[in-house]
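One-based numbering, in listed order, for ligands and for the atoms of each. In this chain, residues are counted from 1 in sequence order.
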Amino acid sequence: MLVEVRPTKKLRGSRALNLTACLSPIVDALCEDSLDLSRLRLVCDWVQYKNNFRDVIDVRPILSPAKRNGRSAEPDGEKLEIAVDLRRCVDSDLAQVVRDVLAGRIEPDGLERVYLEAWSEGTTSRIWEFNSLYWRFLGVWEKATGRLYEQALPGGESDARNIAGVHELIREMFTVWDDLASHNALPDELYVIELGVGNGNQAKTWLDEFAKLDAEHGSEYYRRLHYMMCDYSEHVLALARKNVAEHAAHVSSFALDATTPMTALGFLRYKVFLVYISNVYDNLPTEDVAQIGGHTYRAEVRAYVPKADAARVAEEFGIAPDKLVGAIDKLLSLGPESLVDALSSYFPDVARAAAFWMQVWDAVKLEERYVPMTGLDLYEIAPGVNGEMLRPMLERHGDVRMQVSNGAIASFVDTLPLLHPYGRLQCHDIFVTDPHQYRTGFLGPGKYDGSIVNWVNGPLLQHIGRRKGFDVGYAPFAHRAGTNIVTLTAQVRD
Ligand SMILES: C[S@@+](CC[C@H](N)C(=O)[O-])C[C@H]1O[C@@H](n2cnc3c(N)ncnc32)[C@H](O)[C@@H]1O
């Protein structure tokens, strides 16, 4: 049996975790079972997100490489991964949890789960429908909770609002523009794009400071500025437009998917001096891949609601248990406002529909299984990005599991062609910068209110950017102490 304990930092210090107390009931319960212990992995994380998709103990079948072309979803004999959340161990009767989980594995009904989907790739799971629902109906959610989404971000507000950070960025742009202007090479129109604008607070900060610094600088760059706010949520775009109303003459807004910016913005190819992104890459669809015992797997997922939670929610809203999934389907396709028209007997007003949404989301969990990959060369990370790019990361670090950050990579590679040769992409986010972090930390997914968060695979993004002729650098966000936020800068290589 292989035991992997990732949060090693938690094992020392005055509040050290009692690892043996956590593990011994688990190992005892595993030994009671008839499992082939030699084919078992016991992996321990510290899931720091209070709201997440995991149970205290999950079981993940590891399918046989020999079966990869077959449609069999059977585990390879007893090859299993048992995943433990050490943060919640102290509060649970672990031996009993293990027995229940193993009983559920053998007797599927014992799993007590209401599934929302069939097995799917991580990027196409229905959890992403919940994620986009949140941004489309952010106002409904914020009204129900009485708290703004920014409060859930690391630090309680977006670092893109940090004035010192914004000044540094703008001054560096002025230096580039002054230089181009002195060679008569500065275009008349100065384009800046922001992807994923949220409530527009950071756009406002950026535009206010730009206008102020430009007045001091005396170059009339503000007069030539076009700031393009982009988001897939009409709701947040409307909020953002209101927020930057005093800059209206310099701002346009585009409803577009951040993973395919060229579809709407292709006319700006090679013209954009700054693509500005914060806290968006960590919110784009991703799946996990893993290297286990010399084989490469993708982690397939299946969203479910535990039966006890499903029964509680159904009862509270007067829904027959077998109609619950149908009501969730309607919520996801129509949104909470139209749900009131469609299912008025359960949801007399938007507040009740919002309460239903929040309770379901709170209960949604992910079951996982490892499915062998047929070959990295046959895997597409994002349109035009071959899975071979993953090879250096997967083959040099032993058994490892990581996010592919498919959505972030799609966005990144579809943004690079927009950049002016002297332009840059700047992105503040939670980036993994060293593959070793995958061996020591839990990097998602977690739930931030109604949205999903996953750390972004920085080394992979860097590798892909370099192959496309860009320098991609990471630096800890310089203007707030103790933050996990890292700033990515990508520029055409000199
Ligand atoms: C966490 S907020 C960040 C907002 C802002 N940049 C900040 O730092 O506060 C994420 C934003 O990305 C947007 N977003 C998420 N997925 C998107 C996608 N696929 N296409 C476009 N926008 C997306 C959301 O609508 C939301 O406005």
Side-chain angles (χ1 to χ4, degrees), residues 123-125 127-142 147-162 165-166 169 192-207 227-244 253-265 274-286 335 382-383 405-412 414-415 425-431 444-456 477 479-480 483-488:
T123 48
T124 53
S125 166
I127 60 170
W128 298 106
E129 293 177 40
F130 281 95
N131 188 65
S132 66
L133 187 77
Y134 174 72
W135 295 113
R136 277 192 291 137
F137 295 95
L138 182 65
V140 173
W141 185 287
E142 289 186 337
R147 102 197 188 116
L148 302 177
Y149 80 83
E150 267 196 84
Q151 292 171 269
L153 296 178
E157 69 169 40
S158 173
D159 280 319
R161 286 168 64 182
N162 182 289
V166 168
L169 174 60
V192 170
I193 290 177
E194 184 183 346
L195 296 179
V197 291
N199 55 19
N201 276 349
Q202 68 288 341
K204 176 166 168 46
T205 305
W206 198 90
L207 285 159
Y227 193 98
M228 332 283 263
M229 299 192 304
C230 307
D231 205 286
Y232 68 175
S233 161
E234 292 283 4
H235 172 79
V236 306
L237 280 175
L239 287 180
R241 272 195 299 271
K242 209 162 151 199
N243 216 341
V244 298
S253 58
F254 292 80
L256 59 77
D257 195 307
T259 59
T260 53
M262 282 292 281
T263 49
L265 300 174
L274 173 67
V275 178
Y276 193 38
I277 313 168
S278 77
N279 301 313
V280 179
Y281 281 1
D282 64 0
N283 188 232
L284 297 176
T286 179
S405 302
N406 311 70
I409 286 168
S411 180
F412 181 69
D414 205 47
T415 301
L425 180 153
Q426 191 179 88
C427 179
H428 304 298
D429 221 317
I430 40 178
F431 286 102
K447 297 177 188 171
Y448 276 168
D449 286 340
S451 72
I452 301 169
V453 60
N454 276 288
W455 288 56
V456 183
F477 182 69
H479 306 281
R480 183 161 63 87
T483 174
N484 281 329
I485 295 288
V486 166
T487 303
L488 169 155

Should Val197 and Gln202 be marked as a side-chain contact (heavy atoms from CB on, under 4.5 Å) after you check the CA-CA gap, both sets of side-chain angles, and the distance that decides it?
CA-CA 8 Å; Val197 291; Gln202 68 288 341; 4.3 Å; yes
Please evaluate residues Ser233 and Asp231 with respect to the criterion side-chain hydrogen bond (donor to acceptor under 3.5 Å, both in side chains), reporting the C-alpha separation (whole Å), side-chain torsions for both, the decisive distance (0.1 Å), and the verdict.
CA-CA 5 Å; Ser233 161; Asp231 205 286; 4.6 Å; no
Please lay out, stage by stage, how Leu274 and Ile193 fare under the test side-chain contact (heavy atoms from CB on, under 4.5 Å).
CA-CA 6 Å; Leu274 173 67; Ile193 290 177; over 6 Å; no
Please lay out, stage by stage, how Asn199 and Asn243 fare under the test side-chain hydrogen bond (donor to acceptor under 3.5 Å, both in side chains).
CA-CA 7 Å; Asn199 55 19; Asn243 216 341; 4.6 Å; no
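Atoms of ligand 1 lying under 4.0 Å from at least one heavy atom of Asn283, given by number and element, are 15 (C), 16 (N). Close approach of ligand 1 to Gly198 is summarised as follows: ligand atoms under 4.0 Å from at least one heavy atom of the residue are 4 (C), 27 (O).
Only the side chain of Val236 comes within 4.0 Å of ligand 1, judged by heavy-atom distances. Looking at Leu284 against ligand 1, only its side chain comes within 4.0 Å, counting heavy atoms. Contact annotation for Tyr232 and ligand 1: heavy atoms of both the backbone and the side chain come within less than 4.0 Å of the ligand. Of the heavy atoms in Gln202, only side-chain atoms (C-beta onward) come closer than 4.0 Å to ligand 1.
Residue contacts with ligand 1 include Leu256, since one or more of its heavy atoms lies under 4.0 Å from the ligand. Proximity of Val280 to ligand 1 is established by a heavy-atom distance of less than 4.0 Å.
At least one N or O atom of Asn279 sits closer than 3.5 Å to an N or O atom of ligand 1. Residue Asp257 has at least one nitrogen or oxygen atom sitting less than 3.5 Å from a nitrogen or oxygen atom of ligand 1, judged on distance alone. Between Tyr149 and ligand 1, at least one N/O pair is under 3.5 Å apart. Considering backbone and side-chain atoms together, Ser278 places an N or O closer than 3.5 Å to an N or O of ligand 1.
Every residue meeting the ring-ring contact (aromatic ring centres under 6.0 Å, His included) condition with Trp135, not counting sequence neighbours, appears here in chain and number order: Tyr149. A search for ring-ring contact (aromatic ring centres under 6.0 Å, His included) contacts involving Tyr232 returns nothing, not counting sequence neighbours.
Between Trp206 and Tyr227, the ring planes are tilted. Angles from 30° to 60° get that label.
Between Leu265 and Cys230, the closest heavy-atom pair is CD1-SG, 3.9 Å. Residues Leu169 and Tyr276 approach most closely at CD2-CE1, 3.6 Å, considering heavy atoms.
Looking at Ser132, Gly196, Ser451, Gly200, it is Gly196 that brings a heavy atom closest to atom 6 (N) of ligand 1.
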